[in-house]
Enquirer: 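Before I ask anything, let me first share the structure, which is written out below as C-alpha cells.
The sequence lines fix the lettering, A, B, ..., with proteins before strands; numbering per chain opens at 1.
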2 protein chains.
Amino acid sequence: MSKVKTGIVMMNLGGPATLDEVEPFLLQLFADREIIQLPFQKWLGPFIARRRTPRVRGLYANIGGGSPILAHTRAQGRGMVERLDRLSPETAPHQFYVAFRYAKPKSDEALRAMHADGVERAVAFTQYPQFSCSTTGSSLNELWRAAGRTGLRDAFRWSIIDRWPVHPGFVEAMADTAREGLKEFDPEERDRAVLLFSAHSLPLDVIDRGDAYPQEVGATVQRVVERLGVVNPYVLAYQSDVGPVRWLGPSTEQVIRRLGARGEKRVLVVPIAFTSDHIETLSELDREYGEVAHTVGITQYKRAPALNDRPLFLDALADIAREHLASGEVFSTQYPMRCAGCTNAQCRNVLNPAARASRRARGERIKSATG
Amino acid sequence: MSKVKTGIVMMNLGGPATLDEVEPFLLQLFADREIIQLPFQKWLGPFIARRRTPRVRGLYANIGGGSPILAHTRAQGRGMVERLDRLSPETAPHQFYVAFRYAKPKSDEALRAMHADGVERAVAFTQYPQFSCSTTGSSLNELWRAAGRTGLRDAFRWSIIDRWPVHPGFVEAMADTAREGLKEFDPEERDRAVLLFSAHSLPLDVIDRGDAYPQEVGATVQRVVERLGVVNPYVLAYQSDVGPVRWLGPSTEQVIRRLGARGEKRVLVVPIAFTSDHIETLSELDREYGEVAHTVGITQYKRAPALNDRPLFLDALADIAREHLASGEVFSTQYPMRCAGCTNAQCRNVLNPAARASRRARGERIKSATG
C-alpha cells in the first residue's frame, strides 16, 4: 500500500462491541465531565455506571449483542475514501481512522495508525452533523490530549471539520431516509403521517451555557423538510434524557404519548442527529418507543432508516471532506467561539496543532477567546 | 377610493401608544392564557399587571412616551400594499388592516373596517416570522373569536400566512440589518465582533408542549449567517424572560455578561424574531443590556437596526403576500399541526372560516388533529 497522504479521523461516540464492553463503556462515559457533570464524579460516576450496566447489557443483548456503530463507521469511511481518491487526486491517497470517545478504537490508536501509515495531512472530521460541546467538543479535546499522550503532537498538519448541519448532500441523504420511511405507509394515508424528527437531548444547563446544538438541529430540520417537499406535518423532539436534571424538550417519548392520546394513528420517526444505527435507534426508538406508540393507539409507527452506508450519505461525507480539503480552511470561523458560559478551560484550547498554527495568524482573537 | 378586493390583516402583539395605555395593555397581556398561564389568573393577572405598571410606564417614558410599533406597522402595511398593487394586479386593490393582540387597533376594529371597505378576500398575515402558539397562535385564535363577536364570521374568504422563518426576502432584509450593524465597528476590528442573535424567550413549559418556535428561530439564524457570508462568530440567545418559571436559554443578558467576563470587547446584537422597534429593542437591548455590556467591559456594544420600514423588508412582506395569494393556499400544511402537548381546546379549531372551508376538503385529518 502506498504511503497515505491524507488521514481522516472519523470521530464519534462509539458503543460497546460486545456485552463485556458495556461496563467499561459506561464507566468512561460517566467519567467524562465534558458530557456529564456530577458531584463527586470520581465516586458517583462509577457507581451510576455499574448500577446501569445490567440493564444496558440487556438492551445490547436485544439488538444483537453489541453496537453496530463500528461496522457502520468503517463502511462509511471506506465509501468516503474511495470517493475522495477519485474526487480529490491531489490529496490522495486518503485513509480513514476511527476515533471513538468511549469505546475502541480510540484517539490514541487512530493517531498511532496514522503515524505508522506516514500520514502528512490530518483532518479531524466529526461524525456529529450538529455541533455540541458534549459531543464534537469533547471528541476534539480528547483527540488533542491523545496527541500529547502519544508524543504525536507535531506529527501531522491538522485541520478540522467541526459541523455540517445543512450541507446539501447531508440534507439530501437525510430527506431520502424520510422518503423511504414514508413509503412504508399506505399511499392514501401517507400524507397524514406526522414526521417526528428526533435528536438526542442535552441537559438544560448545557443549553444555557450557549451550546450551538439546538440552533443547528433546528436548521437541519427546516432544510430537510424543504428538500422533502411533502405536505406532512412535522415536529422536532429530543430523546434519551436520563437522571434528575431538566433536559431540553419536548421529549420524543412524551410527544409520541400525546400524539397517540389525541388520536394520531400514523407517526414516522426520523433520527435527525445520528448518522448510524445504534442503541438510540434500534432499542430506544424502535423497541421502547415503538411499544409506547402501540400502547397509545398509534397503529402505524415507523422509523426512517439510519444513514449507515446509504450511497447518498457516502457521497455527502466525501463531498464534505473534498470541500474542506479544497478550501484550505484550518477550522470553521465558528470553532473558536466558546460557549459564553463555558466552564471548561480545555475547550477549543488544548494541544491543538491547528489552533497553534492559526493562533499565529489570528493573534488577539484567540487570546481573547481563551483568556 | 375603489372597493378593496384583498384585505391583509397584519397581526402583532402591539404596544401602548401612550403612557396611559400601559396599564390596560398589561392587563390584557396578563389575562391571555394563550401567552401566560397563572394560577387564579382572574385575580393574579390584574395584580401582577398593576404592580408592574409604574416600572413599565417609566420604560415607555424613556423611549419617547409610547411604543412606536403602530407607526412602524402602518409604514410596513403601506409599503407592502403599494408593491402588491403593482405585483399582483389580479388581486388588487389591496388594503392593510392592523390587528394587535393587546393594544389598539384590535381584531374587531380591523374586521369592521374590512367590512366597511367591501373586502372580499382576507389574508391573516402574522408579523411574527417564526410560529409560536403564544404569539401567532394567540393572535389567530383571537381573530376568529372577533369574527364571531362582530357577526362577520362569513363576511370574507380567509386564508392564512402563519410563518415565514426562512423566506429569502426576509433573510436578505435581516442580513442587511446585520451588515449595517457591522459597519458601526472599525473596519480592522469588524471581523472580531460577536454576532449575538436575540429572540424573545418562552417558558420551558411552552417549549415542552412542542412549540415550533425554537426550531424555526434556529433555522432563521442559520440562513441569515449563510446569507451574510461573514467570518464573525455567532450565538443565538433568548431575551425578556420574567417571573419564577424557567425559560428557554441561553439568556441574552447572561450571554452578554459572560462574553464580557472572558474579555470580548465587541458585540453586535441582532434582533432575529422582531420586525419593528419596540420596548424589547429600544429599552431592553439598547438601554438595559447596553448598560450591562458597559459594566462588563464590552467597549463596543452595538445593535443592528430593526427592520421597520427598510425597503428590503417592505419588498419581503409584499413578496410573501404575493406568493401566498398566487398559490391559492388556504393555510400552510403545518398550521393544523397542534402541539403534541396542546392544552388549548380553541387552538387551530375556533370559528375559522379558512379551517371550515378546508375541513370539507381535508376531512379526517382535521378531525383527528382536533379530536
Enquirer: Between the side chains of Q222(B) and E216(A), does any donor sit under 3.5 Å from an acceptor?
Expert: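 No, no side-chain donor-acceptor pair sits under 3.5 Å.
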Enquirer: What is the minimum heavy-atom distance between Q334(A) and Y234(B), and which atoms define it?
Expert: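 Shortest heavy-atom separation between Q334(A) and Y234(B) comes out as NE2-O, 2.6 Å.
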Enquirer: Examine distances only and state if a side-chain atom of R209(A) and a backbone atom of P250(B) form a donor-acceptor pair shorter than 3.5 Å.
Expert: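 Such a contact is absent between R209(A) side chain and P250(B) backbone.
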Enquirer: Which atom pair, heavy atoms only, marks the closest approach of G218(B) to A219(A)?
Expert: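 Heavy atoms of G218(B) and A219(A) come nearest at O-CB, 4.1 Å.
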Enquirer: Measure E226(A) against the heavy atoms of chain B and call it side chain, backbone, both or neither at under 4.5 Å.
Expert: side chain
Enquirer: So which part of L204(A) gets closer than 4.5 Å to some heavy atom of chain B, the side chain, the backbone, both or neither?
Expert: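 Both the backbone and the side chain of L204(A) come within 4.5 Å of chain B.
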Enquirer: Relative to chain A, which segment of V255(B) carries a heavy atom at a distance below 4.5 Å: side chain, backbone, both, or neither?
Expert: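 When you check distances to chain A, atoms from both the backbone and side chain of V255(B) fall under 4.5 Å.
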Enquirer: Does E189(B) CD have over 12 foreign heavy atoms under 6.0 Å away?
Expert: yes
Enquirer: Do the side chains of T333(A) and D191(B) get nearer than 4.5 Å, heavy atoms only?
Expert: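 Side chain of D191(B) against side chain of T333(A), heavy atoms only: no contact under 4.5 Å found.
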Enquirer: Do D208(B) and R246(A) meet the salt-bridge criterion of a basic N to acidic O distance under 4.0 Å?
Expert: yes
Enquirer: Is there a donor-acceptor contact under 3.5 Å from the side chain of R258(B) to the main chain of C339(A)?
Expert: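 Looks like no, no N/O pair under 3.5 Å.
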Enquirer: Go through the atoms of V225(B) and report whether side chain, backbone, both or neither lie under 4.5 Å from a heavy atom of chain A.
Expert: neither
Enquirer: Around atom CZ of R227(B), are there more than 12 heavy atoms from other residues, nucleotides or ligands closer than 6.0 Å?
Expert: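 It does not: R227(B) CZ has 12 such atoms or fewer within range.
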Enquirer: If I measure from the heavy atoms of chain A, does L196(B) come under 4.5 Å with its side chain, its backbone, both, or neither?
Expert: neither
Enquirer: Chain A: which of V221(B), L236(B), L248(B), D211(B) shares the most heavy-atom pairs with it under 4.5 Å?
Expert: V221(B)
Enquirer: Would you mind reporting whether M337(B) and N232(A) have side-chain heavy atoms less than 4.5 Å apart?
Expert: no
Enquirer: Roughly how far apart are Q215(B) CD and T220(A) OG1, rounded to 0.5 Å?
Expert: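 Rounded to the nearest 0.5 Å, the CD-OG1 separation comes out at 9.5 Å.
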